[in-house]
Structures are given as C-alpha cells and as structure tokens.
Amino acid sequence: MSRILESRFFNRPTLAVAHGLLGKYLCRRRGRRIIRAMITEVEAYDGPRDKASHASRGRTVRNTPMFGPAGHWYVYLTYGMHWMANIVVGKRGYPAAVLIRGVEGINGPARVTKYFKIDKRFNSKPAARQTGLWIEERGVRIKRSDIKHSARIGIAYAGPVWSNRRYRFHLN
DNA sequence: ACGATGATGAAC
DNA sequence: TTCATCATCGTA
C-alpha cells in the first residue's frame, strides 16, 4: 500500500513536516520507470526571520516558490553546479520549505538531485505523479527516538542564533 | 585543504 | 555593471 502525499500533509508547521518526511519515499518517474528511495535526512527553513533561509531578505525572483502553496517544489542551483530539492510547506505567503538532504544509500542534497535527475524544470511545480516527482507514504513507521536533530549544514553566515537551531533531522 | 562553476542579490 | 557569496562535492 502507498499513498501520495498531498497539500494537506505539507500545509502544516515546518518542523512537523520535516519530521514527517523521514521514512517517506521520494519518487521519480522517467518514461515507464519509477525510482523510489526512502528519505533519511532533511533540513527545515522556516519563515522570513530565519536568517539561513533564502526568504530572510524578502521575496525575490528566485525564492518566489517559497511564498507559494505548500506541496510545490523549490529547486535552485548552488555553487554553480548543484541542484537543491526543497518542498514548500505551510500557508501561502509564509515562506518555508524543507530541503531533502539525503535518501537511503545517497547522502548529500546534490547527490540526491543528481541521482533523481532533478533540476530547474521542477521548480514551482506541484509534487504529484503527473509532474514526475512526488513523495509517498509507504507504511514505514519512524519512532520519535530514531530521529536525530542537529544544526543545519553550511549556514554559518546566518549567525549563532539561527545556525545553532536544530533544524536538521535525520535517521540513525 | 581547495578548486570547480554560474546564478543571485546588493552595491555602486 | 561589477562583485562577493553561496542550503556542495570530489580530489587531495
């Protein structure tokens, strides 16, 4: 049994969605083939005050998807070569997203997008089967005690308050 | 430890 | 229009 996650799942507080994504499956259809992998690591970027978030300096062309409806993708290029896959969460107008940092067997957000062949084509598109990139519940139960939380990676510029927040969640 | 590699946003 | 900065990775 499996269930494709829809906006009712993503339209919740950012940290709750981040926790909830662990154990869910990132799914990609290319032609007839579908690849799936369990999400094992995520990071939350929560609201306009979060100094580590692209939205901390207001709305721009790039970060516009973060202000849009929950359950849509926010995909952007970093370091001139790596795509980052984020799912938008929370209410419209409130900029928040969860970065998918790792799936089973693949660690690192750039490796995830490389493996799943995710790029700007998905930016602002809904996570849905029709789009070719979506997220499924497949019956994996994650115990609260199996979720580790720690500081987010690569965001020291955000200052001590925001860089020390334990907004990174992972299994193991 | 550091270079790759280019879009972004802010300053000028 | 220029410039520093980046939600990183692979090689050392």
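Nothing here was measured: the structure is a model prediction, and the numbers come from that model.
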Could you tell me if the side chain of A:F67 sits less than 4.5 Å from the side chain of A:R92, heavy atoms only?
no

Considering all heavy atoms, the nearest A:Y74-A:N63 contact:
OH-CA, 3.8 Å

Start with the C-alpha gap between A:R166 and A:S150, add the side-chain angles, then the distance that decides, and say whether side chain to side chain donor-acceptor pair (under 3.5 Å) holds.
CA-CA 4 Å; A:R166 302 247 202 284; A:S150 56; over 6 Å; no

Find out whether A:V98 and A:E43 are in side-chain contact, i.e. whether some heavy atom of one side chain is under 4.5 Å from a heavy atom of the other.
no

B:dG3 phosphate, OP1 or OP2: any side-chain N/O from A:Y79 under 4.0 angstrom?
no

Check each residue of residues 95-118 of chain A for a non-hydrogen atom within less than 4.0 Å of any atom in DNA chain B, then write out the ones that pass by number, or none.
none

I need the minimum non-hydrogen distance between A:I106 and A:V112, along with the two atoms involved.
CG2-N, 3.8 Å

Ion pair present between A:R36 and A:E136, side-chain N to carboxylate O less than 4.0 angstrom?
yes

Walk along nucleotides 7-12 of chain B from 5' to 3' and tag each nucleotide B, S or - by protein heavy-atom contact under 4.0 Å, base first, then sugar-phosphate.
-SSS--

Would you please test A:D46 and A:Y94 for side chain to side chain donor-acceptor pair (under 3.5 Å) and show each step?
CA-CA 9 Å; A:D46 187 24; A:Y94 181 82; 2.8 Å; yes

Cation-pi between A:R28 and A:F116: NZ/CZ under 6.0 Å from ring centre and within 45° of the ring axis?
no

Gap in Å between the two P atoms, one belonging to B:dT5 and one to C:dT2, rounded:
22 Å

Taking atom C1' of C:dT8 as reference, at what distance in whole Å does atom OH of A:Y76 sit?
10 Å

Stem finding on DNA chain C, please: runs of three or more consecutive Watson-Crick or G-U wobble pairs, both distances under 3.5 Å, sorted by first number.
B:1-4 with C:8-11, B:6-11 with C:1-6

Identify whether any heavy atom of A:M84 sits under 4.0 Å from a base atom; if not, whether one sits that close to sugar-phosphate; answer base, sugar-phosphate or nothing.
sugar-phosphate

Give the minimum heavy-atom separation between A:Y167 and A:R152, together with the two atoms involved.
CB-CD, 3.5 Å

Once you measure the plane-to-plane angle for A:F169 and A:H149, does it fall in the parallel (<30°), tilted (30-60°) or perpendicular (>60°) bin?
tilted

Do A:R168 and A:R101 come within less than 4.5 Å of each other through their side chains, counting heavy atoms only?
yes

Protein-nucleotide distance (A:H82, atom NE2; C:dG10, atom P), rounded to Å:
7 Å

